[in-house]
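What you see is a predicted model; the values in this text were computed from it and never measured.
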Amino acid sequence: MESSSMKALASLLLGLVVGFSLASKFIMTRPREMQKTVLKHRTSGGSGLLWTPQDNDFVTALKNSPRPSNFIFIGVITAQKYLNNRAIAAHRTWAQTVPGRVLFFSSEGSDTSLPLPVVPLQNVDDSYPPQKKSFMMLKYMHDHYLDQYEWFMRVDDDIYIHTERLESFLRSLNSSKAFLLGQTGTGAQDELDTLALEPGENFCMGGPGVVMSREVLRRMAPHISQCLREMHTRHEDVELGRCVRRFAGVQCVWSYEMQYLFYQNYEPDKKGFIEDLSNSKLYQAITLHPNKSPPHLYRLHSFMLSRKMTELQHRTIRLHREILQMSHLTNTTPHYEDLRLGAAPGFTGLPSRRRQEVLEWEFFTDAHLYSASDRHPPRRALSPPLKAALDDIIVQVMETLNANGKAREHVVDFKKILYGYRRVDALHRAEYILDLLLLYRRLKGPGVAVPVRRHAYLLQAFSRAFFREESDMDAALLAGRIDQDSGPIAFFHKSLGRLYPLRLGDPSSDLRPGLPRVNILVPLSGRYEVFVRFMANFEKVCLASKQAVKLLVLLFSAEDEAESKSGGAETVRHTELVTKYHRKYPWADIAVQPVEGPFSRGLALHIGSSHFSHNSLLFFCDVDLLFTADFLKRCSDNTIFGEQAYFPVIFSQYDPKLEGGASNSPYVFTTKTGLWRHYGFGIVCVYKGDLVRAGGVDVSIQGWGLEDVDLFNKFIQSGTRVFRSADPGIVHMHHPVVCDPQLDAGRYKMCLGSRASSYADTLQLAQLWLEKNRQGFHRTNITHSHVD
């Protein structure tokens, strides 16, 4: 009896040992594999997971984790004429990241040699509307792929799909049930009686895309032939919805959310998403329709990729912060990158050792920026880069506010920025304080939007600086092509990434190949000594180094008989000076164009520009200017034919006779030597064709001022992009400003203001005035004391 009990106990112990051994081999080794599984799940769309670079298994799992390949099948309706443009653009952009398969369905006989998957449907043509093509595409999906994918989607070739949002949205639904998803439509107001829809019936609009579960396609596809025979309208999406409702027993899901998830652009021009990439709809939508221009589709895809990069960078910052927090808890030494990128944000700022290092806040509204800095005017319009930065900030703020909006059953909409403050440390960060007007709206209950005001304190930390070196393109790298219709030669500047137009026979091709010739136009009346200085600088910068330039001097003669003799003599001196440079540089392209009548800068520029072709680069210059070769390069670099004009912000010298204003070099930029003319628009680099398209220079304006402001406004209204920047390579030398009392009141006041600003810095003038009147103040104070 005892022997059998001992045997039983021994068997039990042996079983426990063997069991634990097997568990350690087959079960206890599973946690690392489970970690890989969790990581694979989370990196494919779940929440973030913290790991360190030392976890090689995690990193390997991240790199090798495949995207699901049997989740969704997308059929793209296209036509033979769109295969090589729209279809190719869709295939190269959003179709590359679909968690499934994408096929393009076209008419019978379509070209299948193109580098994209095309299915020519038999007995189907490219007629519009594509009713038969759409139904036969669905039948093809049913016959070949029904059991391979969970979801099926029908789209046009002019759509853009945010595939990650599509996958995340569909994974929240049960694909085994019958679902028909898209933007719900009931027809336009004028078509309600022609669509044969009963009250409560609807359809999914075809443009933004239609998604159906496998169950819907399984029920509906066997009846496609009957649906094609029993059409009630010519609308393909209406008939598809009718067929699904009849044979699958479901219709398009009624939901307000679908209006912005499957977004349709209802603007009259139907140009798609071209300029306004800050639109909040781009950050919410799964599909965007229409995008009929392939270049615009590529641009939209590039923007979406940049947004994805920003999200990944933000996630990286958060991971660095978590690593730094964990290192403090575990008493481990953090890495340098974790210390630098994981520092908690704060508004205390960097320590300042001098007053000049203290960053001052700038105040702004929705239209103007107010600054106390001497480098800028006290008030100026919001620049396009600042507007773009604010738009991006607002989008991020609203995404943060509405992150948990559905759970709280409310959303917050942005209305406007009432006012704000900002300061920028160019090497480290930008800080904003915003007063926002928002609309609070509940998702359930009465749809009343309540306006509320909120303050937002924002800090944008900069990452490490990036450096890029640019050099002039070597002549051997030129890639030329000749346009036989218009005659110009266009060559590609690799370092700048764009085409430059040149006229045939342009002498600049023999001087400095790689940049277009800059045609310098200088209006001039008298002022011979100043012209001598200008030509000396022109020789040093352009002629001695054989720059690709042409100089055209628009020379006005004397106006009345009393000055005709001296004026005529001075005109001869100008011409003789130009002839002297011709003899010294026979190859130089310098010309003098006489202009009759009283001096008018607008008239001179109009006459001068008429000598050039539309693809000529013009530089509107003044005789008081000195410029460098670097400026000429920026003049050509920053001016893009058909797209952009360059209005440099030039440095204007103060009167050198005043104390502290003199300098050995004109290129000394301090508050004592001059100021940046932010409100001066007379100096411009522009192509002749863009000048003509904008409306040209106003020749009716005579005397001082306004022709530059008029031209600048014309460029803004014409849609040509205007690029402005403080350019250190061009300086306006000081000269006395004479204001004609015969000018109208507005221009005369502007002239007086310009003359006053050309004397000296305000603080310097105040000091000079106080020193000059100090004795007078002293005597006045003594007299007053004696009387008292």
Do Phe647 and Phe712 come within less than 4.5 Å of each other through their side chains, counting heavy atoms only? yes

Taking every heavy atom of Ala588 against every heavy atom of Leu543, the minimum-distance pair comes out as CB-CD2, 3.8 Å

When Phe612, Tyr646, Phe538, Phe631 are each screened for ring-ring contact (aromatic ring centres under 6.0 Å, His included) with Phe619, the one that passes is Phe631

Using a 6.0 Å cut-off, check whether atom NE2 of His301 has over 12 heavy atoms from anything other than its own residue. yes

- prompt: Under 30°, 30 to 60°, or over 60°: which ring-plane class applies to His574 and Phe531, parallel, tilted or perpendicular?
  reply: tilted

Scanning both residues in full, the closest heavy-atom pair of Val595 with Leu554 reads CG2-CB, 4.1 Å

query: Has the side chain of Gln644 got a donor or acceptor atom that lies under 3.5 Å from a matching backbone atom of Asn638?
result: yes

Next on the checklist: side chain to side chain contact (heavy atoms under 4.5 Å, CB included) for Gln653 and His732? Distances and angles first, verdict last.
Outcome noted: CA-CA 6 Å; Gln653 279 192 339; His732 179 268; over 6 Å; no

Margin query: With heavy-atom distances below 4.5 Å as the criterion, would you say the side chains of Phe364 and Ile417 are in contact?
Written below: yes

Report task. Check whether the side chains of His314 and Gln396 place a donor and an acceptor atom closer than 3.5 Å, and report yes or no. Result -> no

So CG of Leu552 and CG of Leu555: to nearest 0.5 Å the spacing works out to 10.5 Å

All heavy atoms of Leu605 vs all of Val697, minimum pair found to be CB-CG2, 4.3 Å

To the nearest 0.5 Å, atom CG of Asp589 lies from atom CG of Asn519 at 8.0 Å

request  = Applying salt bridge (Lys or Arg N to Asp or Glu O under 4.0 Å), run through Glu362 and Arg380 and close with a yes or a no.
outcome  = CA-CA 11 Å; Glu362 294 179 314; Arg380 61 188 188 275; 3.7 Å; yes

message: Does Thr628 form a side chain to side chain donor-acceptor pair (under 3.5 Å) with Asp630? I'd like the steps, not just the answer.
response: CA-CA 5 Å; Thr628 64; Asp630 289 338; 4.8 Å; no

Here the gap from Arg601 atom CZ to Ser525 atom OG, rounded to the nearest 0.5 Å, amounts to 14.0 Å

For Cys685, the disulfide bond (SG atoms under 2.5 Å apart) test, sequence neighbours excluded, returns Cys635

Discussion item. When you measure from the side chain of Asp727 to the backbone of Gly729, do you find a donor-acceptor pair of N or O atoms at a distance under 3.5 Å?
Written reply: yes

query = Where does the angle between the aromatic ring planes of Tyr370 and His368 fall among parallel (under 30°), tilted (30 to 60°) and perpendicular (over 60°)?
reply = tilted

